[in-house]
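Below you'll find the structure, written out as structure tokens, and then a few comments.
Because the structure is predicted, anything quoted here is derived from the model rather than measured. The figures that follow rest on heavy atoms only: side chains count, while hydrogens, waters and symmetry mates do not. Every number for a ligand or one of its atoms is a count from 1 in the order of the listing.
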Amino acid sequence: MVTRRAEAAGGAGATVDEGPAVQDHYPADAAHCYGCGARNPFGHHLKTRWADGSRTETITRFTPGPEQTAMPGYVYGGLVASVLDCSGTGSAALAGTHAAGLDLEGDGSLRYVTGTLEVRYQRPTPMSVELVVRGRVEEVKGRKVTVALTMTAGEDEVASGRVVALQLPDEMRSS
Ligand SMILES: CCCCCCCC/C=C\CCCCCCCC(=O)SCCNC(=O)CCNC(=O)[C@H](O)C(C)(C)COP(=O)(O)OP(=O)(O)OC[C@H]1O[C@@H](n2cnc3c(N)ncnc32)[C@H](O)[C@@H]1OP(=O)(O)O
């Protein structure tokens, strides 16, 4: 399935969501993550796609609900962190799979776990607004992928961060 979805017309830095969501191609035995697993009925079900044709920029969208409140009208910081986290591992999976010469839809996705997560909370994050996380793949080095992330709510950048993700070791998969 190919998806192309333009952001609000005329918005600064308009982005196109392109192609399949990586999480829809995670191996079934590795799709239970609270943030991004399609097989977790209680989770966020994040979907991360390439944002353009360059294979370096990604986009993930999430709209928080009232149960994720920090104080009335604003989002809990742990939720912001978890959305950045799984946007980062999803971006790493896109980049690592591409770098390995694999086709997402034909071969499935490689699977990454978080090694390091950095979060900078820049502004209070408003509730019930779509949060847009853009990822920029900084480096693919062996099993390690580094992704810089920004989160916007409307026109405002509310958080930024970085994920260092490591391809899931085979011995973890088999355990
Ligand atoms: C979920 C845990 C896994 C359970 C497995 C069960 C099977 C289930 C199947 C599928 C689940 C999928 C779930 C996805 C969920 C996504 C989001 C999350 O919530 S993840 C949860 C939080 N994260 C952890 O709990 C990681 C705990 N840490 C570890 O397991 C290891 O430390 C790990 C895998 C991250 C790295 O261990 P190494 O042995 O593979 O690493 P080395 O070979 O020593 O290093 C390779 C390179 O990576 C760097 N590196 C290693 N650890 C790093 C770190 N923590 N941060 C940054 N860089 C790191 C090193 O400096 C080295 O870099 P140079 O090649 O020299 O440039």
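Some N or O of Arg143 is nearer than 3.5 Å to an N or O of ligand 1, by distance alone.
Among Asp29, Thr114, Val113, the residue whose heavy atom lies nearest to atom 18 (C) of ligand 1 is Thr114.
Neither the backbone nor the side chain of Tyr34 has a heavy atom within less than 4.0 Å of ligand 1. In Val164, the part holding a heavy atom less than 4.0 Å from any atom of ligand 1 is the side chain. Residue contacts with ligand 1, taken as heavy atom pairs separated by less than 4.0 Å, involve Leu166 solely via side-chain atoms from C-beta onward. Of the heavy atoms in His32, none comes closer than 4.0 Å to ligand 1. Contacts between Ala30 and ligand 1 below 4.0 angstrom, taking non-hydrogen atoms only, involve backbone and side chain alike.
Distance check, rounded to the nearest 0.5 Å: OH of Tyr26 to SG of Cys36 gives 4.5 Å. The OG1 atom of Thr125 lies 10.5 Å from the CZ atom of Arg123; values are rounded to the nearest 0.5 Å. Rounding to the nearest 0.5 Å gives a distance of 12.0 Å between CZ of Arg55 and OG1 of Thr97. To the nearest 0.5 angstrom, Leu46 atom CG is 10.0 Å from Leu131 atom CG.
By the rule that hydrophobic residues join a cluster once side-chain heavy atoms approach within less than 4.5 Å of another member, Val75 and Val158 end up as members of one cluster.
Classification of Arg136 and Glu138 as a salt-bridged pair holds, one side-chain N sitting under 4.0 Å from a carboxylate O.
Residue contact check: Leu168 has heavy atoms under 4.0 Å from atoms 9 (C), 10 (C) of ligand 1. Here is the list of ligand 1 atoms found below 4.0 Å of a heavy atom in Lys144: 48 (O), 49 (C), 63 (O), 64 (P), 67 (O). Interface of Gly115 with ligand 1, defined as ligand atoms under 4.0 Å from a residue heavy atom, comprises 54 (C), 55 (N), 56 (N). Per-residue contacts place Arg111 under 4.0 angstrom from the following atoms of ligand 1 (heavy atoms of the residue considered): 12 (C), 13 (C), 14 (C).
Annotation for Gly19 and Arg49: closest pair O-NE, 2.9 Å, computed over non-hydrogen atoms.
The closest approach between a heavy atom of Tyr112 and any atom of ligand 1 is below 4.0 Å. Residue contacts with ligand 1: Cys33 is included, with a non-hydrogen atom under 4.0 Å away.
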Point to revise | Verdict with reasoning, Val140 to Val137, per side-chain contact (heavy atoms from CB on, under 4.5 Å) | key: CA-CA 8 Å; Val140 181; Val137 179; 3.9 Å; yes
**Study point:** Intermediate values then yes/no, side-chain contact (heavy atoms from CB on, under 4.5 Å), Glu57 and Trp50
**Key:** CA-CA 6 Å; Glu57 310 273 341; Trp50 291 116; 5.8 Å; no
